[in-house]
Asker: 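Got a structure here, written out as structure tokens. Questions coming.
Excluded from the calculations below are hydrogen atoms, water molecules and symmetry mates; all remaining heavy atoms, backbone and side chain alike, are included. Every value quoted in this text rests on a predicted model; they were computed, and no experiment measured them. Letters A, B, ... are given to chains in the order of the sequence lines, protein chains preceding strands, and every chain is numbered from 1.
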Amino acid sequence: MLHDMYKTIETAIKETTGVPDALLTDGGEHADLATTIAFALAKQKKQAPVMIAQDLAVELSRLPALTGITVEAKGPYINFIFGNAYVSEAIKEAVKPGYGNLPGKPTRVVLEHTSANPNGPLHVGHIRNSIIGDTLARAFRKAGYPLEVQYYVNDMGRQIAIVAWGFDNLDSKQLENEKEDAHIARIYIAANQEIQKDESITQQVNTLMQLIENGDPATVKKFRREVSRCLDGFKVTMKNLNVAHDRFVWESDFIRNGNTERIINKLKRLPQARDEETLALDLSESGFENKYVLRRSDGTSVYAARDLAFHAWKGANFDRVIDVLGADHKLIGAQLQCTMKLMGEKVPEIVHFEFVSLPEGSMSTRAGKFVSADDLITEIRKRAFDEVTARRPELDEETRRSIAQSVGLAAIRYDIVKVSPEKSTVFDWKEALDFERQSGPYIQYSHARACSILGKAGTFSECFDLETKQEIALAKKIAQFPMAIDNVVSELRPHILAIYARELADTFNCFYHDEPVLKSEGKVRDRRLTLVKAAQNTLKESLETLGIDAIRTM
RNA sequence: GGGCCUGUGGCUUAGCCUGGACAUAGCGCCGGGCUUCUAACCCGGAUGCCGGGGGUUCAAAUCCCCCCAGGCCCGCCA
């Protein structure tokens, strides 16, 4: 809708003036859309921008294509204000189930996210990856793309060897009520402490790594067992965060199925290959200083080689390959992209996000310095339950627990997704546990209020002829939703949706505060209820795309 | 030392790619609003050399250069 209007007006400006760029932008508080084209034409026409704007506005307003759009010059700006037809059409769409679904596309997309090393529980840094990834996944599906979400299991790294050593050599019994991933972390941390004390352990770990690379059955079994247990823990955490993967892809499979060897043979033939003691690529002509090592001198593969095999496999099976990775992967991500291009393989798109740290410094699983996602979830549910109990003492405990769970989820997911990924953040308990401010629960509350109004309204006949300023403002905000979804997938920036949902809630809150709905009568009541229904539906779709429960009462 | 990212009122933050109309919102602060559709809400007020300095432009938070501060990275680790 909004997109159509943009195109129509853009074409009209281009055809009328002959310029290649209509310089059309959001009109903010002045208009729905506006152009600064008069500035650009000033030099060429040797006329003041104000004069040009005035003449052009008159000319544009006469065009049949722009019927129903108010065109007016305000100084050097030309403003476009959409009429009632636009508003009515938008609300007609917005009351339908699935509002915001974009037309289906043939492009098959594979999206990888989270992929944390299975050596300890997911912490508040990892879940930034999960939440950005999962929100993108939901937006892609809403935008009509067939999508598969994958988790890449790094099951043959040094840290897994350290875990395996710990289980063999330390007191490694699982404690009562200890979650699998927390158990693994405890052993991993203890093993690292032992390594600090006794350097000879490193040799034993190296031996384990050689055994796993050679496919020694007992070692493979041992590694698989602990990695699987850790993943079981991750799955519980992710379920609690409403995050889902379609497939877990194991790194070691790319050794076993020969893909890594095949990719190494292909890489050897590149002019950039340096097959000396090690096999490495010289990517200096692409601006990378260090050599990109693929095979060690002992003949075993390096992570990079397996990663290339993994990405080649993804590229062969999907049309678009997208990875969500932390800022620490920027360099290796760029090297991966560069190498894929040199090989003529599909180049993955990478979404990077900056680090989450603690007030006392960086997080470290090895040092046991982290806030686990499980602890955050437990704490936030407790807080949410107290809050619900204080606000709604009349509800039974089960209902309050259920609301608290949804509110807690909303608080966590929104708190993380609302920030632009390129900003590094410091985890703050006080902010994470806040349900007011610009929070997920705030948006849920707007939705619940809308549901409450609709519940009390009974039946009404839909009416799309809006009138007051507040009605129109809300309708126009609702109309922006499909474009917000489109922007998220085209820019790969899920925080756009978070900001949109909050603004929609703001607009709806102001609307129902200022305009009586249930107490109005006749057509006014009908059209306001229709608008509430459209707002409720749009809030619901927004929340669900953010992976947040659109609860009907709270 | 080199590369990438960030720097917007006391705190958090949008806008920056695609330059234009008084820089977005929240928290906190000050002052209002619950016998009226759930106050997880709404309304009003104070608070900004948009890190600093140059440049490009009719016009710069936005583009270019330099500097400063913080984060991340520069392994035959993953």
Asker: At a heavy-atom distance below 4.0 Å, what parts of residues 514-523 of chain A sit against RNA chain B?
Answerer: A/Glu515, A/Pro516, A/Val517, A/Leu518, A/Lys519
Asker: Only counting residues at least two apart or in another chain, list the ones meeting ring pair (Phe, Tyr, Trp, His ring centres under 6.0 Å) with A/Phe288.
Answerer: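 Expected list: none.
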Asker: Compute the ring centroids of A/Phe310 and A/Tyr152, then answer whether they are less than 6.0 Å apart.
Answerer: yes
Asker: Using atom C1' of each nucleotide, how far apart are B/C5 and B/G9 to the nearest Å?
Answerer: 24 Å
Asker: Check ring pair (Phe, Tyr, Trp, His ring centres under 6.0 Å) between A/Tyr151 and all other residues, then give those that pass, not counting sequence neighbours.
Answerer: A/His245, A/Phe248
Asker: Let me know the distance between CD1 of A/Ile496 and P of B/U18, rounded to the nearest Å.
Answerer: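 That distance rounds to 15 Å.
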Asker: Nearest-Å distance, CD (A/Glu29) to C1' (B/A21)?
Answerer: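 Rounding to the nearest Å, CD of A/Glu29 and C1' of B/A21 are 8 Å apart.
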Asker: Hey, which of these two, A/Asp21 or A/Ile443, hits RNA chain B nearer its 5' end, going by closest nucleotide?
Answerer: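 Looking at the nearest nucleotide for each, A/Asp21 comes out on the 5' side.
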Asker: On the nucleotide B/G7, are OP1 or OP2 found under 4.0 Å from the side-chain N or O atoms that A/Lys423 carries?
Answerer: yes
Asker: For B/U35, what is the paired nucleotide under Watson-Crick or G-U wobble rules, both distances under 3.5 Å?
Answerer: none
Asker: Please list, chain by chain and in numerical order, all residues satisfying side chain to side chain contact (heavy atoms under 4.5 Å, CB included) with A/Gln438, sequence neighbours excluded.
Answerer: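 Side chain to side chain contact (heavy atoms under 4.5 Å, CB included) check on A/Gln438 returns A/Arg502.
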Asker: Measure CG/A/Asp26 against P/B/G19 and give the value in whole Å, please.
Answerer: 15 Å
Asker: Looking at residues at least two apart in the chain, or sitting in another chain, which of them share a side chain to side chain donor-acceptor pair (under 3.5 Å) with A/Thr389?
Answerer: A/Arg400
Asker: Please produce a list of atom pairs where a protein N or O lies less than 3.5 Å from an N or O of nucleotides 55-62 of chain B.
Answerer:
unit_1 : atom_1 : unit_2  : atom_2 : d
B/C58  : OP1    : A/Lys43 : NZ     : 3.0

Asker: Checking A/Ser228 against A/Arg224: is there a side-chain donor and acceptor pair closer than 3.5 Å?
Answerer: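 No.
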Asker: Say we look at B/C49 and B/G45: how far apart would their C1' atoms be, to the nearest angstrom?
Answerer: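 23 Å, rounded to whole Å.
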Asker: Students often get this wrong, so: under 4.0 angstrom with heavy atoms, is A/His495 touching a base, only sugar-phosphate, or nothing?
Answerer: sugar-phosphate
Asker: What nucleotide, of B/C43, B/A14, B/C41, holds the atom closest to the side chain of A/Cys510?
Answerer: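 Within the option list, the nearest is B/C43.
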Asker: Describe the nucleic acid contact of A/Asn79 in one word from base, sugar-phosphate, nothing, applying a heavy-atom distance below 4.0 Å.
Answerer: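 Result for A/Asn79 = base.
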Asker: Using heavy atoms to find the nearest nucleotide of RNA chain B for A/Arg449 and A/Glu491 separately, return the residue whose nucleotide is more 5′.
Answerer: A/Glu491
Asker: Nearest to the side chain of A/Met554 - B/U13, B/C41, B/U38?
Answerer: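 The listed nucleotide nearest to A/Met554's side chain is B/U38.
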Asker: Which residues satisfy the ring pair (Phe, Tyr, Trp, His ring centres under 6.0 Å) test with A/Tyr6, sequence neighbours excluded?
Answerer: none
Asker: Is it the case that A/Arg383 places NZ or CZ above or below the six-membered ring of A/Phe435, under 6.0 angstrom from the centre and within 45 degrees of the axis?
Answerer: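 A/Arg383 over A/Phe435 ring: yes.
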Asker: Can you tell me how far P in B/C27 sits from the matching atom in B/U18, rounded to whole Å?
Answerer: 34 Å
Asker: Separation of A/Asp506 atom CG from B/U13 atom C1', in whole Å?
Answerer: 13 Å
Asker: Is the phosphate of B/C42 approached by A/Asn509 (side-chain N or O, under 4.0 Å from OP1 or OP2)?
Answerer: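 It does, given that an N or O in the side chain of A/Asn509 lies less than 4.0 Å from OP1 or OP2 of B/C42.
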Asker: Using atom P in both nucleotides, what's the gap between B/C4 and B/C66 to the nearest angstrom?
Answerer: 11 Å
Asker: Taking 4.0 angstrom as the limit, do A/Asp275 and A/Arg295 come out as a salt bridge?
Answerer: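 The answer is yes: the pair qualifies as a salt bridge.
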Asker: Given that both distances must come in under 3.5 Å, which nucleotide forms a Watson-Crick or G-U wobble pair with B/G7?
Answerer: B/C68
Asker: Roughly, in whole Å, what's the span from CG in A/Leu33 to C1' in B/U18?
Answerer: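 The answer, rounded to whole Å, is 15 Å.
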Asker: Nearest whole Å is fine: how far is B/C17 P from A/Leu23 CG?
Answerer: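 Rounded to whole Å, this separation is 13 Å.
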Asker: Rounded to the nearest angstrom, tell me the gap between atom OH in A/Tyr500 and atom C1' in B/U24.
Answerer: 17 Å
Asker: Look through every strand shown and name the nucleotide pairing with B/G1 as Watson-Crick or G-U wobble, where both distances are under 3.5 Å.
Answerer: B/C74
Asker: Please report, rounded to the nearest Å, how far the C1' atom of B/U38 is from the NZ atom of A/Lys456.
Answerer: 7 Å
Asker: Test of understanding: with ring pair (Phe, Tyr, Trp, His ring centres under 6.0 Å), list the residues that count as partners of A/Phe370, not counting sequence neighbours.
Answerer: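 If we apply the ring pair (Phe, Tyr, Trp, His ring centres under 6.0 Å) test to A/Phe370, skipping adjacent residues, there are no hits.
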Asker: For B/G48 and B/A23, measure between their P atoms and round to the nearest Å.
Answerer: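 So the two P atoms sit 12 Å from each other.
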Asker: Which residues satisfy the side chain to side chain contact (heavy atoms under 4.5 Å, CB included) test with A/Pro49, sequence neighbours excluded?
Answerer: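 By the side chain to side chain contact (heavy atoms under 4.5 Å, CB included) rule, A/Pro49 matches A/Ala38, A/Phe39, A/Ala42, A/Pro76.
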Asker: What does A/Val532 touch in the nucleic acid at a heavy-atom separation under 4.0 angstrom: a base, only the sugar-phosphate, or nothing?
Answerer: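 No contact.
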Asker: Which value, in whole Å, describes the distance between the P atoms of nucleotides B/C50 and B/A39?
Answerer: 40 Å
Asker: Assign a letter to each nucleotide of nucleotides 69-78 of chain B from its 5' end: B, base within under 4.0 Å of a protein heavy atom; S, sugar-phosphate only; -, no contact.
Answerer: --BSSS-BSB
Asker: Quick one: side chain to side chain contact (heavy atoms under 4.5 Å, CB included) partners of A/Leu211, sequence neighbours excluded?
Answerer: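 Side chain to side chain contact (heavy atoms under 4.5 Å, CB included) list for A/Leu211, sorted by chain: A/Thr207, A/Asp216, A/Thr219.
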Asker: Pick base, sugar-phosphate or nothing for A/Glu422, based on heavy-atom distances below 4.0 Å to the nucleic acid.
Answerer: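 Sugar-phosphate, no base atom in range.
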Asker: For B/C42, does either OP1 or OP2 sit under 4.0 Å from a side-chain N or O belonging to A/Tyr442?
Answerer: yes
Asker: If you measure from the C1' atom in B/C73 to the same atom in B/G28, how many Å do you get, rounded?
Answerer: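 Rounded to whole Å, the distance is 37 Å.
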Asker: Quick one: label A/Ala34 by what it contacts on the DNA or RNA (base, sugar-phosphate, nothing), any heavy atom closer than 4.0 Å.
Answerer: base
Asker: Just jot down the side chain to side chain contact (heavy atoms under 4.5 Å, CB included) partners of A/Ala305, sequence neighbours excluded, or say none.
Answerer: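 So A/Ala305 forms a side chain to side chain contact (heavy atoms under 4.5 Å, CB included) with A/Thr260, A/Ile264, A/Leu294, A/Ser301.
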Asker: Is it true that the side chains of A/Glu515 and A/Thr468 contain a donor and an acceptor less than 3.5 Å apart?
Answerer: yes
Asker: Just compare B/A14, B/A39, B/G33 and give me whichever is closest to any side-chain atom of A/His513.
Answerer: B/G33
Asker: Strictly by modelled atom types, are A/His329 and A/Asp323 linked by a side-chain donor-acceptor pair under 3.5 Å?
Answerer: no
Asker: Taking atom C1' in both B/U13 and B/A61, what distance in whole Å separates the two?
Answerer: 14 Å
Asker: Partner of B/U18 by Watson-Crick or G-U wobble geometry, both contacts under 3.5 Å, or none?
Answerer: none
